Structures are given as structure tokens and as C-alpha cells.
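Since the model is a prediction, treat every value here as computed from it, not as a measurement. Just so it is clear: chains get the letters A, B, ... in the order the sequence lines come, proteins before strands, and each one is counted from 1. Heavy atoms only: backbone and side chains are in, while hydrogens, waters and symmetry mates are out.
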Protein chains: 2
Amino acid sequence: MDVEQQTTLAPGQFERIAKALADPRRFAMLSSIGQACDECANQALCRDFPVSKATISHHLKELATAGLVEQVREGQYVNYRLRADVVEAYAAELVRRVARPG
Amino acid sequence: MDVEQQTTLAPGQFERIAKALADPRRFAMLSSIGQACDECANQALCRDFPVSKATISHHLKELATAGLVEQVREGQYVNYRLRADVVEAYAAELVRRVARPG
DNA sequence: CATACAGTTCGACGGTTGTCCAACTGTTTA
DNA sequence: TAAACAGTTGGACAACCGTCGAACTGTATG
């Protein structure tokens, strides 16, 4: 029942990811999620970043909409999991799009 | 007398690149420069993108400041050359920064 | 059921940024 | 040298975005 690995990007996803990565703090959150083994608790982000819950929720929504993280509810808590495959797909697509075909 | 290939990013360059890539039109210009064999004339960009010269100049400055393109003056004209090595260095650093060490 | 807690949504505010026009610098050419 | 052309810079404006507090939804626990 695992989510499938993503090797290619959906239409518009490339642009959404580029925007999601552009804000330093949001990227730091993504990186923080990536550092966690398996999942990262939302509470850990609230503890580690000096911004309000509302702002964290907003950033995480952007990351999720871009497909960079997955949201996992556990009762009243929320955990996040990095989609490393999506990051890698974006990196590959980035290099591909600036390269001359052939 | 070639410029050296860049395999690692300068301090702050990662953030500058992320921001530079975030605007779709600016990225399209970068891609357009990449499609050209060798260099891309500024005039080609002025022809291909429906924005003013001022806007193009602004975007290209951002790309150059991020190190993604090189500016080459030829008399009154300006050409741009893609720094594919920098794009690749960014892509690698991106994957590295979200991955757990080890 | 009531209280407390985790997270989301909403409205507002301020800073950033993409865009243009106009004025400027620098280069070619008549 | 004057006119034309290529590109840059500065100022202005609108749209976007990161941020917060407050109100809300949903979940646990007394």
C-alpha cells in the first residue's frame, strides 16, 4: 500500500516546486523534514522554527501541494514525510530543461 | 582562458539560484539561452519574449547574479551563455541538502 | 459535557518583486 | 558630430507573498 515512487513530474508541478523551493525558510523546513528518519512531527517544526503555527501550516501546505512532502495524520497530530523521489525528479527535470536536446 | 567549471556553490548562491528559478518567465529565458548552441543573443530574447527590454535586462541580471548565465559583450550587443555546470551543481546540492547524511 | 490541545483558515499588514516608461550610457554609422 | 541603435538604470505601480493574531475544526481527556 505504499505510495508509488515518482520519476516524472505532473503538469505544472515543475513550476510549483520551483516556487516552493524559493523561500529560504520553507526550504529549511523541507530539509528539516528530510533529516528526520522516516517521519517528522509538525511539533518538531513548531519547536525548531521561530514562526507562528499559522505560518508553518502555510509553508507545509505549499510543500505538500508541490508534492515535495506527504502529510500523515495521527489522531490530532500531523507528521510529514519527505518525497525524496520527487526532489530527485525535479533535479533531473531541471537539468534536462536547460540542456540542448541531443 | 576559459572560465573554470564550477562543481560547488559559493555561499548564498544556493538561495540566489532557487529564487532565480522561481519565476516561470525567467526560467523560460534561461532555458532559451540553454537551447542556443554556444551563445544566445539578447536580441533573440527580445524577439521571443513579449516583455519590455527593461524587464529582460532585469531578469538576465538576476540570472547572472545567481551565476546561472555569463554575459558576453560584443560591441553594442550582449550575448549570454548558459552555465550548465552551475545548474548541475545546484541540482546536486539540492538533492544533497534534503537527504539525510550517511 | 467541558476543557485543553493540535492544526487549519481567514483577514490584514508590510515587504518583495515583476512590469513598464522614461531617461541615461555606450556603440556604431552616416 | 549627429543620429540611430542596444542595453541599463531609476522611479512608479500593482500583484504577490510571508507573516501574524484571531477565530475555527477536530481530537483527546478530565
Undergrad: On a heavy-atom basis, which atom in B:A22 and which in A:A22 lie closest, and how many Å separate them?
TA: CB-CB, 3.6 Å
Undergrad: Closest-nucleotide mapping onto DNA chain C: is B:G75 or B:M29 further toward the 5' terminus? I mean the 5' end.
TA: B:M29
Undergrad: For B:E62 and D:dT8, give me the distance from atom CD to atom C1', rounded to whole Å.
TA: 14 Å
Undergrad: Report yes if a side-chain nitrogen or oxygen of A:K61 is closer than 4.0 Å to either non-bridging phosphate oxygen (OP1 or OP2) of C:dT9; otherwise report no.
TA: yes
Undergrad: Side chain of B:H58: nearest nucleotide among D:dG18, C:dG18, C:dG7?
TA: C:dG18
Undergrad: Would you tell me if any nitrogen or oxygen in the side chain of B:K19 comes within less than 4.0 Å of OP1 or OP2 on C:dT16?
TA: no
Undergrad: Given B:R81, which partner from the list B:E39, B:E70, B:Q71 fulfils the side-chain hydrogen bond (donor to acceptor under 3.5 Å, both in side chains) test?
TA: B:E39
Undergrad: From C-beta outward on B:H59, which listed nucleotide comes closest to its side chain: C:dT19, C:dT17, C:dC20?
TA: C:dT19
Undergrad: Quickly work out the B:L63 CG to C:dG18 P distance and round it to whole Å.
TA: 10 Å
Undergrad: Whole-Å distance between C:dA6 P and A:R47 CZ?
TA: 13 Å
Undergrad: With DNA chain D as reference, determine whether A:K53 or A:E74 sits nearer its 5' end, using the nearest nucleotide of each.
TA: A:K53
Undergrad: Please tell me which of the listed nucleotides, C:dT27, C:dG7, D:dG7, lies nearest to the side chain of B:Q76?
TA: C:dT27
Undergrad: To the side chain of A:R25, which of D:dG7, D:dT19, C:dG7 is closest?
TA: D:dT19
Undergrad: Of the candidate nucleotides C:dC5, D:dT19, D:dC17, which contains the atom at the shortest distance from the side chain of A:D23?
TA: D:dT19
Undergrad: Is there a donor-acceptor contact under 3.5 Å linking the side chains of A:Q13 and A:Q6?
TA: yes
Undergrad: Can you tell me the distance, in whole Å, between the CG atom of A:L45 and the C1' atom of C:dT8?
TA: 15 Å
Undergrad: What is the nucleic acid contact for B:Y80, judged by heavy atoms within less than 4.0 Å: base, sugar-phosphate only, or nothing?
TA: sugar-phosphate
Undergrad: Of the candidate nucleotides D:dG18, C:dA6, C:dC20, which contains the atom at the shortest distance from the side chain of B:S52?
TA: C:dC20
Undergrad: Between A:R16 (CZ) and D:dC17 (C1'), how many Å, whole number?
TA: 18 Å
Undergrad: Step by step, would you call A:E93 with A:R97 a salt bridge (Lys or Arg N to Asp or Glu O under 4.0 Å)?
TA: CA-CA 6 Å; A:E93 179 73 7; A:R97 289 203 190 192; 2.8 Å; yes
Undergrad: Check whether any side-chain nitrogen or oxygen of B:S57 sits under 4.0 Å from OP1 or OP2 of D:dG7, and answer yes or no.
TA: no
Undergrad: Nearest-Å distance, CD (A:Q43) to P (C:dC5)?
TA: 11 Å
Undergrad: What integer distance in Å separates B:Y77:OH from D:dA4:P?
TA: 16 Å
Undergrad: So A:L21 and A:L68, do their side chains get closer than 4.5 Å, heavy atoms only?
TA: yes
Undergrad: Side chain of A:A54 only, heavy atoms from C-beta on: which candidate in C:dG26, D:dC20, C:dC20 is closest?
TA: D:dC20
Undergrad: State, yes or no, whether a side-chain contact exists between A:I33 and A:L60 at a heavy-atom distance under 4.5 Å.
TA: yes
Undergrad: To the nearest angstrom, how far is B:E15 atom CD from C:dT17 atom P?
TA: 13 Å
Undergrad: If the cut-off is 4.0 Å, is B:T55 near the phosphate of C:dC20, judged by side-chain N/O to OP1 or OP2?
TA: yes
Undergrad: With a non-hydrogen cut-off below 4.0 angstrom, is B:Q71 in contact with a base, only sugar-phosphate, or nothing?
TA: sugar-phosphate
